[in-house]
Amino acid sequence: MEDGPGSQRAIGRYLLFAELASGGMASVHLARLVGPVGFSRTVAIKRLHPQLARDPDGVSAFLDEARLTARVHHPNVVQTLDVVEMPGELFLVMEYVRGETLSRLLRAVAERGERPPARIVLPIVTGALYGLHAAHEAKNERGEPLGIVHRDVSPQNLIVGV
């Protein structure tokens, strides 16, 4: 896949654009759902790293994440909208949040030699905690707790929407 400026790749009904972030399991790309009669929507697509897409355990973990996150409904939790499978590749289509990661915001403040004001940080942290609570309380179709524990809460994974 090309990652140069303006490059795009079709993934089913989605056009995959620039990489937004990358982690140990996957990379996240800006994308666009293109539908009939001019319908379109900006989304984020999480792409399982190629080496993990060939590993049954990696695929299983990725699909487990999709199944679990689809059960969590809260304004502070990014929604999983779709799963796309292509030969040797797996993608999660997620709600796109326009904003910055908390880590980038904190770094920008630190570079100016300042500290983030509590009146700004506290609502961000509180929102994250509400989202985590929603995940911990999520239930399956039979009303049984899913037992979700988010194992990667970090400033890089908290997006502060505009």
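Numbering starts at 1 and runs along the sequence shown.
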Value rounded to 0.5 Å, distance of [atom1] in [X] from [atom2] in [Y]:
| X | Y | atom1 | atom2 | value |
| --- | --- | --- | --- | --- |
| K46 | T69 | NZ | OG1 | 8.0 Å |
| R41 | L81 | CZ | CG | 5.0 Å |
| L158 | I124 | CG | CD1 | 8.5 Å |
| L146 | R67 | CG | CZ | 11.5 Å |
| R112 | E114 | CZ | CD | 4.5 Å |
| L106 | Q156 | CG | CD | 10.0 Å |

For the residue pair [X] and [Y], establish whether any side-chain heavy-atom pair is separated by less than 4.5 Å.
| X | Y | value |
| --- | --- | --- |
| Q79 | H73 | yes |
| F62 | V83 | no |
| I159 | E100 | no |
| V162 | R98 | yes |
| V59 | L63 | yes |
| V97 | V78 | yes |
| E65 | L92 | yes |
| V34 | Y14 | no |

Among L20, I11, L15, L16, the one residue meeting side-chain contact (heavy atoms from CB on, under 4.5 Å) with H29: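 Exactly one pass, corresponding to L16.
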Work out which heavy atom in [X] is nearest to a heavy atom in [Y]; give both atom names and the distance.
| X | Y | result |
| --- | --- | --- |
| V43 | L33 | CG2-N, 4.3 Å |
| H150 | H136 | N-NE2, 4.4 Å |
| S40 | R32 | OG-NH2, 2.8 Å |
| R47 | F91 | CG-CE2, 3.5 Å |
| R13 | D82 | NH2-OD2, 4.5 Å |
| P116 | V121 | CB-CG2, 3.5 Å |

Pairs involving residues 144-162, ordered by first then second residue, that meet salt bridge (Lys or Arg N to Asp or Glu O under 4.0 Å) (sequence neighbours left out):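 Only R142-E144 qualify under salt bridge (Lys or Arg N to Asp or Glu O under 4.0 Å).
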Counterpart residues, side chain to side chain contact (heavy atoms under 4.5 Å, CB included), relative to P50 (two or more places apart):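 With sequence neighbours excluded, P50 shows a side chain to side chain contact (heavy atoms under 4.5 Å, CB included) to R54, given in chain and number order.
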Residue list, side chain to side chain contact (heavy atoms under 4.5 Å, CB included) with V72, at least two apart or on another chain: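 So V72 forms a side chain to side chain contact (heavy atoms under 4.5 Å, CB included) with V77, A134, A135, A138, I148.
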Stepwise side chain to side chain contact (heavy atoms under 4.5 Å, CB included) check, M94 with I45: CA-CA 6 Å; M94 303 177 305; I45 293 187; over 6 Å; no
Over 12 foreign heavy atoms within 6.0 Å of CD, E85: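 Counting other residues, nucleotides and ligands, CD of E85 stays at 12 neighbours or fewer.
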S60 side chain vs P56 backbone, donor-acceptor pair below 3.5 Å: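 Absent.
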Test item: H49 side-chain N/O and Q51 main-chain N/O as donor-acceptor pair under 3.5 Å: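 Such a contact is absent between H49 side chain and Q51 backbone.
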Do [X] and [Y] share a hydrophobic cluster, counting only Ile, Leu, Val, Met, Phe, Trp and Tyr and linking them when any side-chain heavy atoms are less than 4.5 Å apart?
| X | Y | answer |
| --- | --- | --- |
| L30 | V28 | yes |
| V125 | V160 | no |
| L102 | I120 | yes |
| F39 | V93 | yes |

Check: S27/S22 side-chain N/O donor and acceptor closer than 3.5 Å: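 There is no such pair between these side chains.
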